[in-house]
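The structure appears below as structure tokens.
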Amino acid sequence: MSADVKETVCADAASTAAVNARKKGEWAALRTELPIMAFDTVVGIGGRVLGKPKDRADAERMFAELCGNTHEVVTAVYFRVGTKIIEKYEKTSVVFGAFDRETVYNYIDSGAPYDKAGGYSIEDAEISSLIVSVDGDRDNVAGLPVKLTEKLIEENLIYGENGYRD
């Protein structure tokens with residue numbers, strides 16, 4: 001389900017992602033007794049958090065800052081089984097190459113940046129030429145740290161105290 005919460009920006013990317021994942025998880029917990037996994041993905045650069053661009057100028061500013069630099073993508077996971085709550089996060093470093101005017105402006109014109117942390121999705125082919133390297137879990141940059149999520153499910157639902165054993 002999609003959580004209807006107002007996102008918060010904290011001092012750094014990890015704190016911001018954690019607070020927002022928790023808000024989403026707690027929102028869901030009020031609506032179901034099923035196990036809950038909530039996620040929030042944030043882009044951080046130079047000690048600042050880049051949210052979703054508000055307008056074209058904001059998207060341009062973000063790309064100008066990201067291009068030619070390394071930034072961090074943090075996805076926080078809020079996992080709740082009954083009353084047990086586990087909160088973790090995954091960090092991945094991404095390096096963008098030099099600012100390519102045509103690539104950036106075509107991407108912005110497509111409307112794609114406006115619902116994405118940092119103004120981009122690693123899955124969008126239109127900006128793949130900007131991505132020089134990814135150090136860490138590429139799935140995390142897409143917004144779902146698969147390995148961490150699998151580990152939490154396995155440890156807490158399949159083999160954990162709230163789970164079952166074959």
Side-chain angles (χ1 to χ4, degrees), residues 1-53 62 65-66 69-97 112-166:
M1 63 180 89
S2 180
D4 184 22
V5 298
K6 182 168 173 46
E7 294 186 352
T8 301
V9 176
C10 301
D12 59 47
S15 299
T16 299
V19 165
N20 291 321
R22 184 178 311 121
K23 282 182 170 186
K24 292 172 184 180
E26 290 173 355
W27 181 91
L30 295 173
R31 288 153 180 82
T32 183
E33 292 182 21
L34 294 171
I36 294 166
M37 291 195 95
F39 304 88
D40 192 66
T41 302
V42 175
V43 172
I45 186 167
R48 291 181 13 313
V49 175
L50 300 183
K52 298 171 185 171
M62 285 184 189
E65 193 168 355
L66 293 171
N69 290 303
T70 301
H71 63 276
E72 184 175 75
V73 179
V74 180
T75 301
V77 181
Y78 173 97
F79 185 62
R80 181 180 186 138
V81 181
T83 59
K84 182 178 181 182
I85 297 170
I86 301 163
E87 296 177 282
K88 304 275 185 183
Y89 62 85
E90 184 79 33
K91 289 184 181 182
T92 304
S93 292
V94 180
V95 178
F96 271 24
Y114 301 108
D115 66 341
K116 297 167 178 67
Y120 80 96
S121 172
I122 197 164
E123 298 169 315
D124 290 343
E126 301 86 359
I127 61 151
S128 63
S129 63
L130 293 178
I131 300 167
V132 173
S133 68
V134 176
D135 183 16
D137 184 356
R138 189 176 180 90
D139 291 329
N140 180 51
V141 183
L144 180 65
V146 174
K147 291 178 188 102
L148 175 60
T149 302
E150 286 175 341
K151 182 179 180 203
L152 289 172
I153 290 170
E154 183 177 282
E155 290 176 352
N156 296 284
L157 284 179
I158 298 174
Y159 301 112
E161 63 190 57
N162 296 307
Y164 62 87
R165 298 181 199 284
D166 289 337

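In this text, all values refer to a predicted model and were calculated from it rather than measured experimentally. By convention here, the first residue in the shown sequence is residue 1.
Tested against I122, the residues N140, T92, V134, D139 include a single side-chain contact (heavy atoms from CB on, under 4.5 Å) partner, V134. Each of I86, D40, I85, V19 was checked for a side-chain contact (heavy atoms from CB on, under 4.5 Å) with Y78, and the lone residue meeting it is I85.
Here the closest heavy-atom approach between residue V49 and residue D12 is recorded as CG2-C, 3.5 Å. The minimum heavy-atom distance between K52 and A117, with the atom names listed, is CG-N, 3.9 Å. Among all heavy-atom pairs drawn from C10 and T16, the shortest one is N-OG1, 2.8 Å. For the residue pair K6 and N20, the shortest heavy atom distance occurs at O-OD1, 4.4 Å. Across all their heavy atoms, I127 and S121 have their closest contact at CD1-O, 3.7 Å. The heavy-atom pair separating A18 from E87 by the smallest distance is O-OE2, 4.3 Å.
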Discussion item. Assess the residue pair I153 and M37 against the criterion (side chain to side chain contact (heavy atoms under 4.5 Å, CB included)); give the C-alpha distance rounded to whole Å, side-chain angles, the decisive distance to 0.1 Å, and a yes or no.
Written reply: CA-CA 9 Å; I153 290 170; M37 291 195 95; 3.8 Å; yes
Assess the residue pair I131 and F96 against the criterion (side chain to side chain contact (heavy atoms under 4.5 Å, CB included)); give the C-alpha distance rounded to whole Å, side-chain angles, the decisive distance to 0.1 Å, and a yes or no. CA-CA 5 Å; I131 300 167; F96 271 24; 3.7 Å; yes
For this session: Could you please spell out the steps behind the salt bridge (Lys or Arg N to Asp or Glu O under 4.0 Å) verdict for E7 and K24?
Result: CA-CA 9 Å; E7 294 186 352; K24 292 172 184 180; 3.6 Å; yes
Determine whether L50 and H71 satisfy the following criterion, side chain to side chain contact (heavy atoms under 4.5 Å, CB included), listing intermediate values before the conclusion. CA-CA 10 Å; L50 300 183; H71 63 276; over 6 Å; no
Quick one: do E150 and V146 satisfy side chain to side chain contact (heavy atoms under 4.5 Å, CB included)? Show the steps, please. CA-CA 6 Å; E150 286 175 341; V146 174; 3.7 Å; yes
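Atom OH of Y89 is separated from atom CG of L148 by 11.5 Å, given to the nearest 0.5 angstrom. With values rounded to the nearest 0.5 angstrom, R31 atom CZ is found 8.0 Å from D4 atom CG. The line from NZ of K91 to CG of D135 is 12.5 Å long, rounded to the nearest 0.5 Å. We find the OG1-CG distance between T149 and L144 to be 4.5 Å, quoted to the nearest 0.5 Å. To the nearest 0.5 Å, the span separating NZ on K151 from CD on E90 amounts to 10.0 Å.
The closest side-chain heavy-atom distance from W27 to M1 is below 4.5 Å. At a threshold of 4.5 Å between non-hydrogen side-chain atoms, the residues V43 and L66 count as touching. No side-chain heavy atom of Y120 sits under 4.5 Å from any side-chain heavy atom of L130.
By the neighbour-count criterion of 12 heavy atoms within 6.0 Å, atom NZ of K23 is densely surrounded, having more than that number from other residues, nucleotides or ligands. Atom CZ of F39 sits in a crowded spot, with more than 12 heavy atoms from other residues, nucleotides or ligands closer than 6.0 Å.
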